[in-house]
Number of protein chains: 2
Amino acid sequence: MTSDGKSDVAVFLPRNYLRPCLLLLLAEGTAHGYELLDQTSKLGLPNVDPGGLYRCLRAMDEEGLVDSRWEPSSIGPARRTYALTREGRDWLRAVSASLAQVHGILELFQHRLQRLEVRDTVI
Amino acid sequence: MTSDGKSDVAVFLPRNYLRPCLLLLLAEGTAHGYELLDQTSKLGLPNVDPGGLYRCLRAMDEEGLVDSRWEPSSIGPARRTYALTREGRDWLRAVSASLAQVHGILELFQHRLQRLEVRDTVI
DNA sequence: GCCGCTAGGTGTACGGTGCACCTACGGGTC
DNA sequence: GACCCGTAGGTGCACCGTACACCTAGCGGC
């Protein structure tokens, strides 16, 4: 929650969520960093930090989860396009299982809270 | 994911998740720290760090989200029991809304991934 | 006296995150 | 040419949550 009273989703997003998001987007198709920066917002990640995104991509490259190659562009500077590796795909599947568990944990949280609200309004 | 290949839920738990969990548990009833340490595991938080838990409780105390008072114990050292304040209850409700959004975001993630898996197995 | 359980706490290092800032290419405008 | 804007990638750094180690103290039992 921010000072202006708006509840802020970003505060409670999963830790390290950028990584799985990028892998998912790359699983849907190869892309370069600047492009991914756009697409992450459609996955629920508001205003992703470019620095963090590029760092994340490079880390995954070094770990072999993605492949990268430079490609020239006629309308601007060269871009580095990333593609998911087999290892990255395996990693994504494993992570998906963890995220599913987190999903369940959040469900439990809401359930427990809702049970309280009902009790409080009934009494 | 850990080195032994086990997918690790804790890595992808929401950021700052301890706070909402403690508030929820205190909404269900007053408790002291050592007791909360036990109950958090039933909310999906595996092996919570005692140090972090006590620090979190104290921070929420200073922010007025919880009240605390020392109570002597006949079977051991004195304990500090915590109770949710009205402000804490409001905060919990606001946070719940954010967590619900995160829940939805995770659902979208699984949906997008599943659509990929289907496409890949069909082709 | 010593151990184990209960209960609360400190110190500290690591890593993810956010913010500011920088380089470089191409195109349009003055 | 000088300038700005959009595209594209990147570094530096400070903050803070988290994890791990470690400490104090009360009580009961051997």
Side-chain angles (χ1 to χ4, degrees), chain A residues 1-3 8-23 25 30-41 44-63 66 68-82 95 102, chain B residues 1-3 8-23 25 30-41 44-63 66 68-82 95 102:
Chain A
M1 191 153 60
T2 50
S3 54
D8 195 352
V9 201
V11 181
F12 295 106
L13 277 175
R15 297 192 259 262
N16 312 298
Y17 190 51
L18 183 56
R19 216 172 234 261
C21 278
L22 292 179
L23 287 179
L25 289 172
T30 63
H32 59 274
Y34 197 76
E35 213 176 333
L36 292 167
L37 202 55
D38 241 41
Q39 297 181 309
T40 45
S41 61
L45 284 167
N47 31 298
V48 169
D49 170 50
L53 183 132
Y54 289 121
R55 260 190 280 254
C56 188
L57 284 171
R58 195 134 31 93
M60 292 194 295
D61 198 356
E62 281 163 16
E63 291 172 37
V66 298
S68 72
R69 62 170 186 281
W70 284 96
E71 280 182 359
S73 168
S74 54
I75 58 149
R79 39 177 81 153
R80 204 172 183 173
T81 54
Y82 292 89
V95 162
V102 172
Chain B
M1 190 151 62
T2 50
S3 54
D8 195 351
V9 201
V11 181
F12 295 107
L13 277 175
R15 296 193 259 260
N16 312 298
Y17 191 51
L18 183 56
R19 217 170 232 261
C21 277
L22 292 179
L23 287 179
L25 290 172
T30 64
H32 59 274
Y34 196 76
E35 212 176 334
L36 292 166
L37 202 55
D38 240 42
Q39 297 181 309
T40 45
S41 61
L45 285 166
N47 31 300
V48 169
D49 169 50
L53 183 133
Y54 289 120
R55 261 191 279 251
C56 187
L57 284 171
R58 195 133 32 93
M60 292 195 295
D61 198 357
E62 281 163 16
E63 291 172 35
V66 297
S68 72
R69 62 169 187 282
W70 284 96
E71 279 181 1
S73 167
S74 54
I75 57 149
R79 40 177 81 153
R80 203 172 182 172
T81 55
Y82 291 90
V95 163
V102 172

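Excluded from the calculations below are hydrogen atoms, water molecules and symmetry mates; all remaining heavy atoms, backbone and side chain alike, are included.
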- Is the distance from OP1 or OP2 of D:dT18 to the nearest side-chain N or O of B:Arg15 less than 4.0 Å? no
- Query: Just how far is it from atom CG of A:Asn16 to atom CG of B:Leu13, taken to the nearest 0.5 Å?
  - Reply: 10.5 Å
- Message: In whole Å, I'd like the distance from the CG atom of B:Leu36 to the P atom of C:dT6.
- Response: 15 Å
- Can a side chain N or O of B:Tyr34 be found less than 4.0 Å away from OP1 or OP2 on C:dT6? yes
- Query: Over how many whole Å does the gap from B:Asn47 atom CG to D:dA21 atom P extend?
  - Reply: 12 Å
- Item | Contact nearer the 5' end of DNA chain D, comparing B:Gly76 with B:Gly51 | B:Gly51
- Query: Between C:dT6 atom C1' and B:Glu71 atom CD, what is the distance in whole Å?
  - Reply: 15 Å
- Query: When all nucleic acid strands are considered with a 4.0 Å heavy-atom cut-off, which category describes A:Gly52: base, sugar-phosphate, or nothing?
  - Reply: nothing
- Item | Rounded distance in Å - CZ (B:Arg80) to C1' (C:dT6) | 17 Å
- Which comes earlier along DNA chain C counting from the 5' end, the contact point of A:Ser73 or that of B:Ser73, where each point is its nearest nucleotide? B:Ser73
- Message: Quick check on DNA chain D: between A:Thr81 and B:Ala78, whose nearest nucleotide comes earlier from the 5' end?
- Response: A:Thr81
- May I have the step-by-step check of side-chain contact (heavy atoms from CB on, under 4.5 Å) for A:Val95 and A:Leu23, ending in yes or no? CA-CA 10 Å; A:Val95 162; A:Leu23 287 179; 5.9 Å; no
- Rounded to the nearest 0.5 Å, how far does CZ of B:Arg69 lie from CG of B:Asp61? 12.0 Å
- What integer distance in Å separates A:Arg55:CZ from D:dC13:P? 11 Å
- Please give, in whole Å, the distance from D:dT7 P to A:Gln39 CD? 14 Å
- Query: Hey, what do you get for CG (B:Leu22) to SG (B:Cys56), rounding to the nearest 0.5 Å?
  - Reply: 5.0 Å
- With the side chain counted from C-beta on, respond yes when A:His32 and A:Arg80 share a heavy-atom pair under 4.5 Å apart, and no when they do not. no
- Task: Please tell me which of the listed nucleotides, C:dG8, D:dC20, C:dA24, lies nearest to the side chain of B:His32?
- Result: C:dG8
- Atom-to-atom span, CG of A:Leu53 to C1' of D:dG10 - whole angstrom: 11 Å
- Using a cut-off of less than 4.0 Å, is there contact between a side-chain N or O of B:Arg58 and OP1 or OP2 of C:dG8? no
- Message: Return whichever of A:Ile75 or B:Pro50 has its heavy-atom-nearest nucleotide of DNA chain C closer to the 5' end.
- Response: B:Pro50
- Task: Output yes when at least one side-chain N/O atom of B:Tyr54 is less than 4.0 Å from OP1 or OP2 of C:dG8, else no.
- Result: yes
- Task: Quickly work out the B:Asp8 CG to C:dG16 C1' distance and round it to whole Å.
- Result: 16 Å
